[in-house]
Every structure is written in structure tokens, then in C-alpha cells.
2 protein chains.
Amino acid sequence: MKRFVEVEQWLKTHGIRLTDQRRLVVRRAVAYLHFTAEELVKDVREYDASIARGTVYRTLAMLQQAGMVEKHDFRYGPPNYEVTFAKAHHDHLMCLHCGEIIEFQEPRWERLQDEVAKRYKYQLLTHTHKLYGVCASCQRSGEKRLAEPPHLHVEEMVA
Amino acid sequence: MKRFVEVEQWLKTHGIRLTDQRRLVVRRAVAYLHFTAEELVKDVREYDASIARGTVYRTLAMLQQAGMVEKHDFRYGPPNYEVTFAKAHHDHLMCLHCGEIIEFQEPRWERLQDEVAKRYKYQLLTHTHKLYGVCASCQRSGEKRLAEPPHLHVEEMVA
DNA sequence: TCTGTAGTTGAGACTGAGTCTCAATTGGCT
DNA sequence: AGCCAATTGAGACTCAGTCTCAACTACAGA
């Protein structure tokens, strides 16, 4: 992971005032790949029990605004956040059994999209493209039950 | 719209027991293009004030299960339901200013999807593909404010 | 380094959307 | 017509997220 100073610098240049709470939220966020707001709330509270839930939500909204994280509505459970800082655009493929999320790029899509937008005279701003299926290993284990919301592992705090 | 008898017949063959409440919910649902659960609750209550909110949600879940409606998570507000009874697969293009939703088909996508799924050895089940932008008329009127959840018009009860 | 102030925070009440429970009711097979 | 499993209404409950406001704090400027 990038030195954290870089991220802080970047936040400052985006007019974001740095507080201890924000530093913590951002640090913990970058330690994840995908996470839900509530998971992050729980996680940061292990480092600072007094941090308010509202603060986490506010910070996430701010980071999203600044383009550092993206909010994704997957099919099950609450929205998932993803840190996209210095990351190329990609779409998602999700396993409905184990909740695994694969990110992939497919430039040919982007072209088709532009075509569709032109067809309807839309000025395209964003898009979401999500594929849902069953991953190879779940196919093998032949599980029957349907997806729980994807589960995350807590990693160590980034220095 | 199709004669309602047809729809009822179809429900029966899908093992769905017909009750007055279900008949009402289904009739009102097919009167819309896209609607949210709460909009439908409010709407059916104009015909039967005593209908329980839970009944509407249960019926929607059932119709979804049976493949008669689809649930879409658009970017703003609660999920949107769409009656897909006897309707070909399509994706969506939404205007972030006025909430207009355009349905379009793009078979070339389906092929690309299969390719991606194969690449990761996924068995593909479904997908969602949503484009967001600004429609031609909103571009002209140059509105600044961002999307309210799409707004619906209540149509007359289908006979 | 100090200060003023606009921006940020914690706490907790509040909201919206959806789920659950359970006793009472009902559809539809026989 | 009678039976009983499925369905319903009512309302309590949950979960995720928002809002309010007094107290606190980052940081630009003196």
C-alpha cells in the first residue's frame, strides 16, 4: 500500500480537513478491498471506541464525493464500498454462493456503451455492470444455499 | 395490456393461490412500468385500505420468485420493481436529472459476458447493467440539481 | 505561537424500508 | 359443505442510515 502521507496529502489538496477520526477511517478503509459501512464502523471502533457512527458515514460520503471510494449496490445486503484511489475502472463478477468478488476490465464494453448512449442522445456519466454466478469452487462443492452478504477479513492496520 | 385472466391463469400454473389481495396487487403492479414497493403499498390501499404492508411485500417476493417481476437496485432510493411478464431481456439507461428510465437491448453484450464468465470459470446466472447519464432534454434545460428517485404516475386500474 | 471561527464531532433521537410473529381468516381440494 | 394448509392484518421489531445540536478542534491569519 502507498505511504499514507500520500493519501493525506491528496485529501488536503481536495480541501478535506484532517482530523484524527478521518485519518483513522481512511486508514482502515484502505486496509480493505470491499467493505460495508457498518463493517467499517465496527472496525474503526476497535481502534477508537468513541468514534460516532455518523462520523464514519459522513467520512465515507466525503471520500466518495472526492472520488477516493466508490459505493456499489450488490444484490444482497447493504451497499459495498471500494477504495478506488489510483485504480483503473473495472466491473464486477460476484459469486452468489460464497460472495467472492472478482474485478475485471473489458474495454469493448465501454465502446458499446458509448454507442447506446449516443443512440438515445444521453450524456453518459457512469455505469455499473455486475455479473452474478457461481464460481468454479462452489460449482464443485455443489452448494445449494444462496449467498449471504459477502464476508470480509479484517487486516492489520496500515502504517 | 393482456387480459387479466391470462395473468391469473399463469399464476395458478405457477402454484400461486389466488386471493383478493393478490389479485389487487398484481393488477396494480401491471398498471405501472417501474415502481417501488412503498409506492405500490400506497396505491393498492386506495382500493383496499385494509391491505397490510406485509402482504404487498410478500406478494412482490412471490412474483419475483415466479419470474413475473424483477427487482432493480438503481442508484438512488429504494429498489425498483418492474413487471417483466412476457417481456424480453433488456438493460437500463437512467437519467440522473429527471429519473427517466430507458430500456434497451444489446445482444453483443451478452456475448462479451459469456466470454468473461468463461475466463473466470463462472457459471453465469444473471447480470445487471445500468448506464447513468443525462437525457437530451435535461441537457438542454441545463438543470443543476441531482436526481430525485424516479417519479411515477398512477394509472387507472386495469380491468 | 496564539486566536477566532468555520468546520467537525459524539450522542442519541429519529426515519424509512423491510421483516417477523401469531391469531384469525380463507381458498380451493374432496 | 367441511377441512386444513396457506394466507392475511396488525403491529412490534430490526437494520441501515440520517439528523440535530451543543461541545470541540483544525488551521488560516495576526
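Every chain is numbered from 1, with letters handed out A, B, ... down the list of sequences.
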Practice problem: Mind calculating the distance between OH (Y57(A)) and C1' (dT15(C)) to the nearest angstrom? | Solution: 14 Å
Quiz item: Within the structure shown, what part of the strands sits under 4.0 Å from R22(A) by heavy-atom distance: base, sugar-phosphate, or nothing?
Solution: sugar-phosphate
Self-check item: Interatomic distance, R53(A) CZ vs dT15(C) C1' [rounded to whole Å]
Solution: 13 Å
Quiz item: Looking at dG27(C), dA17(C), dA26(D), which one has an atom nearest to any side-chain atom of D20(B)?
Solution: dG27(C)
Quiz item: Any idea how H34(B) and F74(B) line up, ring-wise: parallel (<30°), tilted (30 to 60°), or perpendicular (>60°)?
Solution: perpendicular
Quiz item: Separation of F74(A) atom CZ from dA16(D) atom C1', in whole Å?
Solution: 18 Å
Quiz item: Whole-Å distance between dT7(D) P and L18(B) CG?
Solution: 10 Å
Quiz item: Out of E103(A), Q105(A), H127(A), which one pairs with H89(A) under the side chain to side chain donor-acceptor pair (under 3.5 Å) rule?
Solution: H127(A)
Quiz item: Which residue, I16(B) or G54(B), contacts DNA chain D at a nucleotide closer to its 5' end, judged by nearest heavy atom?
Solution: I16(B)
Quiz item: Side chains of L40(B) and Y32(B): closer than 4.5 Å at any heavy-atom pair?
Solution: yes
Practice problem: Take the protein atom NZ of K71(A) and the nucleotide atom C1' of dT18(D), then report the distance between them rounded to whole Å. | Solution: 11 Å
Exercise. Between dA26(D), dG18(C), dG9(D), spot the one nearest the side chain of A52(B), thanks.
Key: dG9(D)
Practice problem: Output the single nucleotide from dT21(C), dA16(D), dT9(C) whose closest atom is nearest the side chain of R58(B). | Solution: dT21(C)
Self-check item: Along DNA chain C (nearest heavy atom to each residue), the more 5'-positioned of T19(B) and P79(B)
Solution: P79(B)
Quiz item: Whole-Å distance between dT25(C) C1' and Q21(B) CD?
Solution: 10 Å
Quiz item: What heavy-atom pair brings C135(A) and E100(A) nearest, and what distance separates the two atoms?
Solution: CB-OE1, 3.7 Å
Exercise. Measure from the side chain of S50(B), starting at C-beta and using heavy atoms only, and say which of dG18(C), dA10(D), dG10(C) lies closest.
Key: dA10(D)
Exercise. Provide, to the nearest angstrom, the distance between the CD atom belonging to E38(A) and the P atom belonging to dA16(D).
Key: 5 Å
Quiz item: Separation of R17(A) atom CZ from dA6(C) atom C1', in whole Å?
Solution: 6 Å
Practice problem: For side chain to side chain contact (heavy atoms under 4.5 Å, CB included), just list the numbers for K130(A) and Y132(A), CA-CA rounded to whole Å, side-chain angles, deciding distance to a tenth of an Å, and then say yes or no. | Solution: CA-CA 7 Å; K130(A) 303 200 171 63; Y132(A) 299 89; 3.7 Å; yes
